[in-house]
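Both counts, for ligands and for their atoms, begin at 1 and track the order of listing. What you see below is based on every heavy atom in this structure, not just the backbone, and it leaves out hydrogens, waters and symmetry mates. Please read these numbers as outputs of a predicted model, since none were measured by experiment.
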Amino acid sequence: MTTSKNYFPKDFLWGGATAANQVEGGSNEGGKGLSLSDVYIFDSSMPKERWTDQWHMMTHKQVEEAQDPNSPHYYPKRKGTGFYYHYKEDIKLFAEMGFKTYRMSIAWTRIFPKGDEAEPNEAGLAFYEAVIDELLKYDIEPIISLSHYEMPLHLATEYGGWVNRKVIDFYLNFVTAMFERLQGKVKYWITFNEINAVKHHPYTSLGIIEEGHPHIEQAKYQGAHHQFVASALATKKAHELMPDCKVGCMISYQLLVPYSAHPDDIQKTVEAQRESLFFTDVQARGYYPAYTERMFENKNVKIKVERGDIEILRQYPVDFVSFSYYMSSAISAHPETLESAVGNLITGGIVNPHLESSDWGWQIDPQGLRTALNQLYDRYQKPILVAENGLGAVDVVEADGSIHDPYRIDYLKRHLQQVNEALHDGVDVFGYTAWGCIDIVSASTSQMSKRYGFIYVDQDDEGNGTQKRSKKDSFDWYKEVIATNGDTL
Ligand code: BGP
């Protein structure tokens, strides 16, 4: 440890993370149905610094267009990077790095292609059981995200997505099928990936299809309420079937800091941070926080809560908290008075002049990860998993086939040093899964050029290439970090 004593516990879960819709491919294989992400359309003609901002709604016309083989937006663009076919080779590479854990998602549409079927699709169950068995062969602990923007498209087009309370039952059918098939093999489960993304991505999070939705804020928080109830009932079912399992919640967390010491900026920052913590408050504490009423008043939202919902939330909070961390952002109550550009939509923040940015405008703040870990642990006093952290960057394959990514090593090293500081602060952080441990299709841009992996995949933005796997320099760097349990950081 170059900065201080090593505080990583001997059983720290070092690993990597992916999502089915971004890594698997095989969109038409094994009876799989279409998911929301399969037909997500990305308009790359927009200015690059605004690419993340467009990850929002879709119209019915766009959804149809994405299913038309003659359309430029035809969905197989979402080819993933071939994990469906290469999973044994990929898991062997993860094992070579010494992974203790691997966070992956289950494509709901491999199990229930349309979402409302009575019985699960055996081919889908068999595929995931084979993947889990391969991980266990190398003593790699699976962490399963049950819903990672992969809801069946049919549930959106026929039922209106999560705004329809019926989807709770469809989700419970799905998670119960997974628990029953994988019990005894999977200990860690996450109910929803980035559940707070409903705020900015009502399409991929909730299956809300329609621009100019009559009252979009109302739909977002009604859908979120149904997801809260579904998450609590899934936690109940998981504990019934697998008494030793651990169920977690997960948010996309950007540390937000006041742009100035002005009291308005400080209050605005507290309110802005609550926009994300609200979701973990409900799932980790088991009740709607006191500020809900005023927050809903400000949004002109009044959700419908059925009899028994409140008791379900209170009885079945999650066992651990997890989050994705990429960036931080500064919050100003009066942005119109500032020269600096507004940051990306995810934080609605202002560019922090003290921080550098990635090629996609994400503000790089390793110390912010230590602060976020302390904030979350102070608030929930539950074990914490860093479920995503990584640097999206353009990687170059040299003439000799080598791939030098010192920028990625620097980013990860600096963030892991701060995880060590948080451990020294007494935070119970039990694992770290580097995002995109193998190159995947970027979620917000549907592009390959924004690469995260320790392993390079030969594939371009159009999905062309051999899908050959190659080790980047960061592969051996991370292998050494894991082998020394963090000593080489
Ligand atoms: C998170 C998602 C991941 C991943 C990550 C990086 O929000 O949980 O799926 O995509 O963002 O984002 P991007 O791929 O757009 O760079």
Side-chain angles (χ1 to χ4, degrees), residues 16-24 35-38 40-44 46 48-56 77-81 83 102-108 143-151 190-206 248-254 276 279-280 322-329 343-347 357-364 369 372 385-395 407-408 411-412 415 433-453 457 459 461:
T18 62
N21 75 87
Q22 296 171 252
V23 77
E24 285 183 2
S35 76
L36 296 172
S37 290
D38 285 333
Y40 165 65
I41 285 184
F42 171 75
D43 176 3
S44 55
M46 282 182 79
K48 187 168 170 179
E49 62 277 5
R50 306 298 291 174
W51 276 8
T52 305
D53 301 353
Q54 67 172 315
W55 194 20
H56 49 77
K77 176 180 65 184
R78 304 280 309 184
K79 287 193 167 182
T81 49
F83 182 80
Y102 173 55
R103 176 186 170 231
M104 56 179 275
S105 73
I106 302 282
W108 188 343
I143 298 178
I144 300 289
S145 306
L146 286 156
S147 181
H148 194 131
Y149 306 132
E150 294 150 350
M151 175 182 192
I190 292 173
T191 53
F192 290 94
N193 173 74
E194 298 191 332
I195 192 168
N196 58 323
V198 308
K199 292 191 299 111
H200 296 300
H201 313 303
Y203 166 71
T204 41
S205 294
L206 295 170
C249 60
M250 195 268 198
I251 54 168
S252 161
Y253 197 60
Q254 284 80 37
S276 283
F279 295 83
T280 319
S322 69
F323 65 111
S324 59
Y325 179 87
Y326 293 96
M327 65 189 104
S328 68
S329 200
N344 63 52
L345 177 72
I346 292 183
T347 61
S357 294
S358 77
D359 292 346
W360 275 264
W362 291 11
Q363 295 245 271
I364 298 171
L369 177 54
L385 167 74
V386 181
E388 294 181 22
N389 176 243
L391 179 70
V394 177
D395 294 329
Y407 38 84
R408 181 167 295 110
Y411 178 99
L412 295 171
H415 282 80
T433 47
W435 175 252
C437 49
I438 182 169
D439 284 350
I440 51 175
V441 177
S442 157
S444 57
T445 68
S446 298
Q447 307 274 305
M448 273 305 295
S449 44
K450 189 178 187 188
R451 296 173 185 271
Y452 284 87
V457 175
Q459 183 168 305
D461 284 345

Next item on the list: State whether the shortest distance between N or O atoms of Y149 and N or O atoms of ligand 1 falls below 3.5 angstrom.
Entry: no

Margin query: With respect to W362, determine whether any N or O atom, backbone or side chain, lies less than 3.5 Å from an N or O atom of ligand 1.
Written below: no

Checklist line | Atoms in ligand 1 with a heavy atom of S442 nearer than 4.0 Å | finding: 13 (P), 14 (O), 15 (O), 16 (O)

Check: Under 4.0 Å from any heavy atom of H148, which atoms of ligand 1 are there?
Finding: 2 (C), 3 (C), 8 (O), 9 (O)

Note to self: Does the residue W360 have a heavy-atom contact with ligand 1, meaning some pair of atoms that are separated by less than 4.0 Å?
What the structure shows: no

Indicate whether the side chain of [X] and that of [Y] have a donor and an acceptor atom separated by less than 3.5 Å.
X: T18; Y: Y102; answer: yes
X: Y149; Y: Q22; answer: no
X: Q254; Y: S328; answer: no

Checklist line | Which segment of A19 sits under 4.0 Å of ligand 1 when only heavy atoms are counted | finding: neither

Next item on the list: Have a look at ligand 1 and work out which part of N193, if any, has a heavy atom under 4.0 Å from it: side chain, backbone, both or neither.
Entry: side chain

Margin query: Please enumerate all residues that pass side chain to side chain donor-acceptor pair (under 3.5 Å) together with T81, with sequence neighbours excluded.
Written below: none

Note to self: Run the side chain to side chain contact (heavy atoms under 4.5 Å, CB included) test against A107 and tell me which residues pass, sequence neighbours left out.
What the structure shows: A20, E24, K32, T109, R110, Y128

Notebook entry, point to check: Who gets closest to atom 8 (O) of ligand 1 by heavy atom: E388, H201, H200?
Noted result: E388

